[in-house]
**Student:** 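Handing you a structure now.
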Amino acid sequence: MSLAIMHKMEIKGLIFDLDGVIANTADLHYRAWCKIGDQWGFNLSKAQNEELKGISRKDSILKIANWAGKSFTNEELDAFAFEKNKNYLSYCQTLGIKDILPGVYDFINASMNKDLKLAVGSASKNAKIILQKLGILDLFSIIVDGNMVQNSKPNPEVFIKCAEILELEPKSCIVFEDSQAGIQAAINAGMFSVGVGQEDLERCNHKIKNFEGLSPEQLINQLSN
Ligand code: BG6
Ligand code: MG
């Protein structure tokens, strides 16, 4: 079964970003980047952090070094990225079911009951570890993560790969994203986009504060209006 969205259009698949959409991990990434910035006497602002959301670890360290006016060799940058990840994973140690964002679990289950196909499309190389810690790794048979793509969002590679594995056309997929780079990636992929959490996200087809009380039918109706 699939859910009709317009006369000739059908939504058959849902693709979820991980950090900031499924999991309460976006702040942990920020905390770990701030710790690197602190070493350089650089204060990473919240506004700058918004620009880091959805992009890869390597691209993030490049951006931060640039903002800080620092010039490093590739090896030094890799070492800082490694250190950031070590700190990030230490912050993630206590992650559990309590860190799944509001309504996500029920929304995923309701979507599976409607036979919608589900995937995770994330820039994070830690996606499987995080899903495992949250206790929901088994809910997703398809996970495209930062280890499987060459290009960071807003490049659509991660979402296109999800659709290919789901065997769906991009126009039959909805992407859920909390970052502007991710919304742009969904647009570039030719998919519908739903902005999650951030009020100032631009160009998405629809925005939600979180998944609490939301059903897939309701969302698809709202998208078609
Ligand atoms: C994205 C996050 O999902 O993954 C970014 O929004 C993060 O903040 C990126 O930098 C890469 O994650 P990781 O876990 O591979 O360092
Ligand atoms: Mg995100």
Side-chain angles (χ1 to χ4, degrees), residues 14-37 44-67 77-93 95 99-102 104 119-134 137 140 143-159 161-162 174-187 189 191 193-202 204 207-211:
L14 306 179
I15 303 175
F16 298 83
D17 173 46
L18 172 64
D19 297 304
V21 169
I22 293 178
N24 187 11
T25 42
D27 288 347
L28 304 183
H29 279 292
Y30 181 42
R31 212 174 123 197
W33 284 129
C34 283
K35 200 163 175 189
I36 297 293
L44 179 69
S45 72
K46 287 211 164 197
Q48 284 166 327
N49 186 55
E50 286 307 308
E51 290 187 43
L52 300 179
K53 288 184 178 173
I55 71 166
S56 70
R57 198 182 306 161
K58 188 67 194 266
D59 286 351
S60 301
I61 194 78
L62 280 167
K63 265 182 183 283
I64 300 169
N66 193 33
W67 288 328
L77 287 170
D78 285 347
F80 285 123
F82 181 83
E83 187 186 336
K84 180 267 174 179
N85 195 47
K86 214 173 78 191
N87 290 329
Y88 172 67
L89 287 176
S90 77
Y91 304 152
C92 287
Q93 256 175 14
L95 282 185
D99 299 293
I100 300 174
L101 286 167
V104 169
V120 170
S122 168
S124 174
K125 294 187 172 180
N126 296 303
K128 287 187 183 158
I129 299 173
I130 302 296
L131 287 166
Q132 173 104 54
K133 281 185 178 294
L134 299 173
L137 182 61
F140 297 99
I143 298 164
V144 178
D145 67 15
N147 300 295
M148 298 165 69
V149 294
Q150 301 299 319
N151 304 293
S152 260
K153 299 166 187 177
N155 186 292
E157 185 182 357
V158 64
F159 296 141
K161 223 167 218 164
C162 286
I174 300 176
V175 166
F176 297 93
E177 259 295 345
D178 69 318
S179 72
Q180 195 59 60
I183 296 290
Q184 193 55 49
I187 295 169
M191 298 177 180
S193 61
V194 174
V196 182
Q198 309 286 342
E199 275 189 11
D200 49 2
L201 286 172
E202 292 169 1
C204 42
K207 276 185 219 175
I208 56 174
K209 191 170 162 236
N210 57 41
F211 289 89

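All ligand and atom numbering here is 1-based and tracks the order in the structure.
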**Student:** Considering just N/O/S atoms, say which atom of Asp17 is closest to the Mg ion (ligand 2).
**Tutor:** OD2

**Student:** Kindly say whether Ile183 contributes a backbone atom to a donor-acceptor pair with the side chain of Ser193 at under 3.5 angstrom?
**Tutor:** no

**Student:** Please find the N/O/S atom of Asp19 nearest to the Mg ion (ligand 2) and write down its name.
**Tutor:** O

**Student:** Could you tell me whether the side chain of Glu157 and the main chain of Val149 form a donor-acceptor pair under 3.5 Å?
**Tutor:**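 Absent.
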
**Student:** Using a 4.0 Å cutoff against the non-hydrogen atoms of Ile55, which atoms of ligand 1 qualify?
**Tutor:** 5 (C), 7 (C), 9 (C), 10 (O), 11 (C)

**Student:** Decide, counting backbone as well as side-chain atoms, whether Glu177 has an N, O or S atom less than 2.8 Å from the Mg ion (ligand 2).
**Tutor:** no

**Student:** Would you call Lys53 and Glu50 a salt bridge, taking side-chain N to carboxylate O under 4.0 Å as the test?
**Tutor:** yes

**Student:** If we only consider heavy atoms of Gly54, is any one of them less than 4.0 Å away from an atom in ligand 1?
**Tutor:** yes

**Student:** Taking only heavy atoms of Lys53, which atoms of ligand 1 are found under 4.0 Å from at least one of them?
**Tutor:**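 The atoms of ligand 1 under 4.0 Å from a heavy atom of Lys53 are 6 (O).
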
**Student:** Can you name the atoms of ligand 1, numbered from 1 with element, that are less than 4.0 Å from a heavy atom of Asp19?
**Tutor:** 1 (C), 2 (C), 3 (O), 4 (O)

**Student:** Nearest N/O/S atom of Asp178 with respect to the Mg ion (ligand 2), by atom name, please.
**Tutor:** OD1

**Student:** Would you say ligand 1 has an N or O under 3.5 Å from any N or O of Asn126?
**Tutor:** yes

**Student:** If I apply the N/O under 3.5 Å rule, does Lys125 come out as touching ligand 1?
**Tutor:** yes

**Student:** Can you tell me if Ser179 uses its side chain to pair, donor with acceptor, with the backbone of Gly182 under 3.5 Å?
**Tutor:** yes

**Student:** Considering only the protein, which heavy-atom contact is closest to atom 16 (O) of ligand 1, and what is its distance?
**Tutor:** Arg57 NE, 2.7 Å

**Student:** Spell out, as yes or no, whether a donor-acceptor pair under 3.5 Å connects the side chain of Tyr88 to the backbone of Trp33.
**Tutor:** no

**Student:** By number and element, which atoms of ligand 1 are closer than 4.0 Å to a non-hydrogen atom of Ala123?
**Tutor:**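 With Ala123 as reference, the close atoms of ligand 1 come out as 1 (C), 4 (O), 11 (C).
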
**Student:** Return yes if some donor-acceptor pair links the side-chain N/O of Lys35 with the main-chain N/O of Asn87 below 3.5 Å, else return no.
**Tutor:** no

**Student:** Working to the nearest 0.5 angstrom, can you tell me the gap between Asp19 CG and Leu52 CG?
**Tutor:** 12.0 Å

**Student:** Between the side chains of Lys133 and Asp99, is the shortest nitrogen-to-carboxylate-oxygen separation below 4.0 Å, so that they form an ion pair?
**Tutor:**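 Result for this pair is no, no salt bridge flagged.
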
**Student:** Taking the six-membered ring for Trp, are Phe16 and Phe140 parallel (under 30°), tilted (30 to 60°) or perpendicular (over 60°)?
**Tutor:** perpendicular

**Student:** For atom 13 (P) of ligand 1, what is the closest protein heavy atom, and at what distance to 0.1 Å?
**Tutor:**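 Sorting protein heavy atoms by distance from atom 13 (P) of ligand 1 puts Ser124 OG, 3.5 Å first.
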
